*Asks:* 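Handing you this structure, nothing more for now.
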Amino acid sequence: MKRVWLVFVALIVAGCGAQAAGPGPSGTVSGTNGPFQAQAAPASVPAGGTVHLTLTVTGPIDYEIGCVQTLHIWAEDSQRAQVWEQPVPAIMCMAFGHKQLAAGETATFTADWPTSSQLAPGTYTLHGLFRTVLPMGAGARVRENLPPLSIQILG
């Protein structure tokens with residue numbers, strides 16, 4: 001009986017500090033897709049507020065640098081209509097290169113979504129593409145490779 005009581009107390013104490021990331025000014029939302037770990041904060045924001053995105057990339061990976069936008073992000077409403085995009089306008093030039101991260105090495109990238117004060121309240125999804133170097137002969141580039149993150153826009 002004493003052992004059951006100790007397990008019960010341990011479960012209660014362990015749950016006291018647990019908090020799901022969700023609506024609230026200090027909440028975050030995160031996701032992982034392969035070598036990409038993305039986090040956005042806050043998870044809910046009034047229209048006109050700013051959502052901060054942090055992307056951590058873990059090697060081994062080879063990615064584009066130079067006159068290309070390495071990290072491209074955009075937001076869609078619940079009907080999948082695009083409401084915002086970065087970069088605007090897209091950077092176009094011929095000088096580009098690449099950088100490699102060895103196994104276990106990480107690099108961090110940040111971006112901000114300055115939401116419009118005209119956005120209707122609801123759920124919006126932040127999407128992204130991290131421009132990796134594709135092997136010769138690889139097919140078309142993927143449109144999206146970052147985990148989608150849901151953000152609540154408050155009225």
Side-chain angles (χ1 to χ4, degrees), residues 8-93 95-101 104-134 140-155:
F8 179 70
V9 170
L11 287 173
I12 291 174
V13 171
C16 287
Q19 193 173 22
S26 62
T28 62
V29 61
S30 62
T32 302
N33 184 25
F36 308 114
Q37 201 284 323
Q39 180 175 314
S44 63
V45 63
T50 299
V51 177
H52 306 283
L53 174 74
T54 302
L55 174 67
T56 302
V57 180
T58 302
I61 196 166
D62 194 2
Y63 61 94
E64 296 178 357
I65 60 170
C67 288
V68 296
Q69 185 70 28
T70 304
L71 177 58
H72 179 187
I73 60 173
W74 64 95
E76 295 177 353
D77 65 15
S78 60
Q79 304 303 309
R80 298 206 51 131
Q82 189 171 306
V83 298
W84 176 81
E85 175 179 23
Q86 179 184 309
V88 178
I91 298 171
M92 302 296 275
C93 75
F96 65 91
H98 67 98
K99 182 172 182 170
Q100 294 180 329
L101 291 178
E105 283 186 313
T106 61
T108 302
F109 301 84
T110 59
D112 288 334
W113 172 25
T115 68
S116 168
S117 60
Q118 305 302 311
L119 283 180
T123 301
Y124 292 77
T125 306
L126 202 51
H127 297 269
L129 173 67
F130 186 81
R131 295 189 185 275
T132 60
V133 175
L134 298 174
R141 176 177 297 280
V142 296
R143 172 172 155 63
E144 176 177 2
N145 57 11
L146 301 184
L149 303 175
S150 294
I151 304 295
Q152 290 293 318
I153 299 297
L154 308 172

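Residues take their numbers from the sequence shown, with the count starting at 1. Quick caveat: nothing in here was measured; it's all calculated off a predicted structure.
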*Asks:* Which heavy atom of Leu149 sits nearest to which heavy atom of Gly31, and what is that distance?
*Replies:* CD2-N, 3.6 Å
*Asks:* Mark yes or no for whether Thr115, through its side chain, and Gly49, through its backbone, hold a donor-acceptor pair below 3.5 Å.
*Replies:* yes
*Asks:* Identify the heavy atoms of Pro147 and Ala38 that sit nearest to each other, and give their distance.
*Replies:* CG-CB, 4.0 Å
*Asks:* Can you tell me if Thr125 uses its side chain to pair, donor with acceptor, with the backbone of Ser150 under 3.5 Å?
*Replies:* no
*Asks:* Answer whether the closest heavy-atom distance between the side chains of Val45 and Ile153 falls below 4.5 Å.
*Replies:* yes
*Asks:* Mind listing the closest non-hydrogen atom pair of Pro42 and Ile151 along with its distance?
*Replies:* O-CD1, 4.0 Å
*Asks:* Go through it in stages, so that I can follow the logic: the residues are Leu146 and Leu126, the test is side-chain contact (heavy atoms from CB on, under 4.5 Å), and I'd like the CA-CA distance, side-chain angles, deciding distance and then a yes or no.
*Replies:* CA-CA 9 Å; Leu146 301 184; Leu126 202 51; over 6 Å; no
*Asks:* Sequence neighbours excluded, which residues qualify as side-chain contact (heavy atoms from CB on, under 4.5 Å) partners of Pro114?
*Replies:* Thr50, Trp84
*Asks:* In chain order, what residues pass the side-chain contact (heavy atoms from CB on, under 4.5 Å) check against Pro60, with sequence neighbours excluded?
*Replies:* Ala103
*Asks:* The criterion is side chain to side chain donor-acceptor pair (under 3.5 Å); which residues satisfy it with Asp112, sequence neighbours excluded?
*Replies:* His52
*Asks:* With sequence neighbours excluded, what pairs up with Ala107 under the side-chain contact (heavy atoms from CB on, under 4.5 Å) test?
*Replies:* Tyr63, Leu101, Phe109
*Asks:* May I have all residue pairs that pass salt bridge (charged side-chain N to carboxylate O under 4.0 Å, His left out) and include part of residues 143-155, sequence neighbours excluded?
*Replies:* Glu76-Arg143
*Asks:* Can you list the residues that meet the side chain to side chain donor-acceptor pair (under 3.5 Å) rule with Asn33, with sequence neighbours excluded?
*Replies:* none
*Asks:* So, using side-chain contact (heavy atoms from CB on, under 4.5 Å) as the criterion, who are the partners of Thr106 when residues are at least two apart?
*Replies:* Thr56, Thr58
*Asks:* Do the non-hydrogen side-chain atoms of Trp113 and Leu53 ever get within less than 4.5 Å of each other?
*Replies:* no
*Asks:* Could you report the tightest heavy-atom contact between Ile65 and His98, atom names first, then the distance?
*Replies:* CG1-N, 3.7 Å
*Asks:* Please check: side-chain N/O of Thr70 versus main-chain N/O of Glu64, any donor-acceptor pairing under 3.5 Å?
*Replies:* yes
*Asks:* About how many Å separate CD of Gln39 and OG1 of Thr110, when rounded to the nearest 0.5 Å?
*Replies:* 12.5 Å
*Asks:* I'd like to check the side chain to side chain donor-acceptor pair (under 3.5 Å) partners of Thr123; sequence neighbours left out, ordered by chain and number.
*Replies:* Gln152
*Asks:* If you round to the nearest 0.5 Å, how far is CD of Gln86 from CG of Leu71?
*Replies:* 7.0 Å
*Asks:* Within the structure provided, determine whether Val142 and Thr132 are in side-chain contact (heavy-atom separation under 4.5 Å).
*Replies:* no
*Asks:* With sequence neighbours left out, write down each residue that passes side chain to side chain donor-acceptor pair (under 3.5 Å) with Gln82, or none if nothing qualifies.
*Replies:* Glu85
